[in-house]
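Sequence lines set the chain letters: A, B, ... in the order given, protein chains first and strands last, and positions in each chain run from 1.
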Number of protein chains: 2
Amino acid sequence: MPSKATSIDIAYRAGVSQSTVSRALRNSPLVNLETRQRIQAIAKELNYKVDKNASNLRTQNSHTLALLICEDPTNDDSMINPFFLSMLGSITRATARQGYDLLVSFQQLSSDWHADYEDSNKADGIILLGYGDYVDYAHKLEKLLQQNTHFVIWGAEHNNKSVLSIGCDNHQGGMLATQHLLNQNRKTIAFLGDSSSHSPEFRDRYFGHCEAIKAKGFLVNKALQIDAISTESSGFDAANALLDKNIPFDAIFAASDLIAIGALRALKKRGVQVPEDVAIMGYDDIPIASFANPSLTTVKQNTQLAGEILVECLLKLIRGQEVSPMLIPTNLVVRQSCGSQLKS
Amino acid sequence: MPSKATSIDIAYRAGVSQSTVSRALRNSPLVNLETRQRIQAIAKELNYKVDKNASNLRTQNSHTLALLICEDPTNDDSMINPFFLSMLGSITRATARQGYDLLVSFQQLSSDWHADYEDSNKADGIILLGYGDYVDYAHKLEKLLQQNTHFVIWGAEHNNKSVLSIGCDNHQGGMLATQHLLNQNRKTIAFLGDSSSHSPEFRDRYFGHCEAIKAKGFLVNKALQIDAISTESSGFDAANALLDKNIPFDAIFAASDLIAIGALRALKKRGVQVPEDVAIMGYDDIPIASFANPSLTTVKQNTQLAGEILVECLLKLIRGQEVSPMLIPTNLVVRQSCGSQLKS
DNA sequence: CTGAAAGCGCTTACAG
DNA sequence: CTGAAAGCGCTTACAG
């Protein structure tokens with residue numbers, strides 16, 4: 001097998017200098033059109049591809065982005081949060097559309113995940129995805145900032161204003177969800193999900209939830225908020241804990257679809273009818289949501305748009321352009337788990 | 001901000017030559033232990049990272065693998081087959097464990113997807129994933145072979161023996177599924193899934209299915225096989241087409257869970273009880289399977305193991321070691337959709 | 001419009 | 001054990 005063709009091989013065949021080959025392949029108008037075409041034809045024939053290592057080394061950028069998905073260490077190893085997978089899909093596509101490659105890596109929150117992609121010149125910037133413990137996160141972000149790494153983070157706005165965060169409007173989403181439940185005449189709505197600063201996304205959803213309740217003139221009962229992380233089993237446990245409290249409630253707003261599905265299982269097991277006895281509202285609109293029984297009414301995060309915006313903002317950051325944090329609006333997807341009709 | 005440190009900076013600080021720095025950082029026993037440690041300490045302090053572009057250019061390998069996920073163009077854009085996502089997770093982990101990075105790309109089957117990762121020295125090898133149309137595939141694989149690209153392909157064994165394929169044993173899986181249905185006293189089992197050479201994985205499952213039926217002394221009724229690709233809506237359509245035939249049947253073996261879930265929806269809509277009237281068997285054991293109602297009995301493909309084996313074989317290929325195609329055994333996951341007890 | 005030359009930051013024979 | 005030097009394959013000022 002002939003070893004890989006280089007620009008010198010092409011130069012030789014075309015009877016020009018290697019510099020001219022390089023220019024021609026980058027389609028520089030500097031080189032004579034005819035020569036350019038001839039060179040490009042030869043390159044194609046030899047199946048020549050520019051060596052990225054060489055060109056990246058020379059130009060000092062990699063045309064590659066890195067995506068770090070930070071998994072909750074408590075998560076089942078094999079089951080990645082479907083919401084992230086959906087984001088992964090849209091980020092991959094958006095990256096490709098911009099002519100960049102994407103390096104993907106899953107990281108345990110516990111590990112030393114800044115992962116050095118940019119330091120080692122493998123990526124021009126990093127996208128961070130993860131429902132992790134934000135307090136844990138913080139000092140790692142600090143380090144990234146110190147190192148002048150280009151990165152964007154998916155999620156709630158960060159207290160550190162230098163961190164560029166892109167996320168869906170969790171506060172608005174939380175309001176939307178609870179307003180819908182209230183409109184269905186539910187009066188006592190439990191919230192399943194961590195409400196501490198450890199998961200600011202869940203917390204913002206909770207705050208939106210509370211605001212909707214207050215706006216209706218009701219009181220927020222703190223006993224109806226049960227911590228849960230975004231897994232089915234955590235949702236199952238949280239719903240059981242809620243039931244064990246023996247406080248009456250007629251609706252559950254779960255901070256994620258996975259939690260909602262776990263809660264659904266717990267309620268069924270205890271003989272509680274959904275949505276007749278208790279309405280369940282999810283969050284995310286992951287594919288499973290529409291297959292649940294009853295199908296899950298939920299707040300949809302537009303992952304398609306989110307992926308595009310993440311990539312776009314990261315590229316701006318890399319190019320040194322102005323960017324500011326963005327909040328993407330969410331919308332309600334009404335299915336069956338909250339009842340489809342207004343009750344009276 | 002100081003620009004990125006290079007090995008020369010470290011050499012300067014350590015009072016040694018750049019060559020020695022390079023050796024020390026690769027932990028070469030050639031350099032004096034004390035010197036080595038001193039250099040490593042300085043590197044750490046300066047937050048130095050080897051420039052991958054430079055080292056890759058020099059060594060002519062990238063320590064990177066590429067994963068190409070070939071999507072069925074008919075697939076809903078936003079909904080990637082969950083089975084692939086699960087594979088993606090395990091491949092990412094396996095790759096990281098081997099000290100390699102992973103470049104991920106989604107490709108429409110129609111596009112020019114050999115994607116040149118290896119040609120441009122961005123990756124040392126490629127993993128191909130996709131329930132695509134294999135006939136379409138074939139000539140692209142041919143091209144990869146011609147170019148001497150290192151690649152492994154997930155799926156059925158390929159007629160071209162030079163193509164290294166790793167896959168679950170679809171024939172055995174198909175037998176397993178149908179044997180279980182027969183053991184549940186089902187006698188007329190429909191198969192939903194393409195049975196042509198266009199999707200050899202489905203075809204092998206179908207052949208396994210047929211073999212189980214014949215082993216039982218029953219006859220295979222070709223009218224009970226309906227084409228479907230691996231999407232929920234295709235399963236829905238196929239089940240409707242099956243019902244429209246007005247041939248009685250008491251079980252469906254769907255070539256994938258997604259098809260099974262679509263079929264489930266169709267049956268429910270027509271008032272057919274599952275599993276009382278019709279049992280449904282899926283394939284893959286994607287996360288949704290356990291949340292379906294009734295939960296789906298299915299054939300599990302061990303994605304964890306599969307990812308590891310794919311990566312391992314690809315690395316062997318890259319290193320020029322001996323490798324042969326592998327068939328990974330599947331196992332049955334019994335849930336509720338086929339009835340949990342033997343009927344008599 | 002084209003070529004000769006420098007240089008990106010490494011690794012690794014070669015010489016000592 | 002260490003250093004001087006070559007060279008991986010490009011891109012791009014510089015000169016013409």
Check: Tyr48(A) and Gln40(A) side chains under 4.5 Å, non-hydrogen atoms: no
Test item: side-chain donor near acceptor, Gln18(B) and Ser7(B), under 3.5 Å: yes
Qualifying residue for side-chain contact (heavy atoms from CB on, under 4.5 Å) with Leu65(B), from Val104(B), Ile318(B), Thr92(B): Ile318(B)
Spacing between Leu33(B) atom CG and dT2(D) atom P, to the nearest angstrom: 11 Å
Rounded distance (Å) that lies between atom C1' of dT2(C) and atom CD of Glu34(A): 14 Å
Earlier contact from the 5' end, DNA chain D, for Val31(B) and Leu57(B): Val31(B)
Ser17(B) and Thr20(B): side chain donor to acceptor below 3.5 Å: yes
Separation between the C1' atoms of dT12(D) and dG16(D), rounded to whole Å: 16 Å
Pair assignment for DNA chain C - dot-bracket with | for other-strand partners, Watson-Crick or G-U under 3.5 Å: |||.||||||||.|||
Euclidean distance, atom NZ of residue Lys52(B) to atom C1' of dC8(C) [Å, nearest integer]: 17 Å
Length of the CG-C1' vector between Asn53(B) and dG7(C), whole Å: 15 Å
Letter per nucleotide, 5' to 3', of nucleotides 10-16 of chain C [B base touched, S only sugar-phosphate touched, - untouched; heavy atoms, 4.0 Å]: BBBBB--
Nucleotide dG9(D), atom C1' - distance to CG of Asn61(B) in whole Å: 15 Å
Polar side chain donor-acceptor pair, Ser62(B) to Lys52(B), under 3.5 angstrom: no
Glu308(B) with Arg93(B): basic N within carboxylate O range, under 4.0 Å: no
Heavy-atom side-chain contact between Ile328(A) and Gln301(A) under 4.5 Å: no
Smallest separation among heavy atoms of Gly125(A) and Leu314(A), with atom names: C-CD2, 3.8 Å
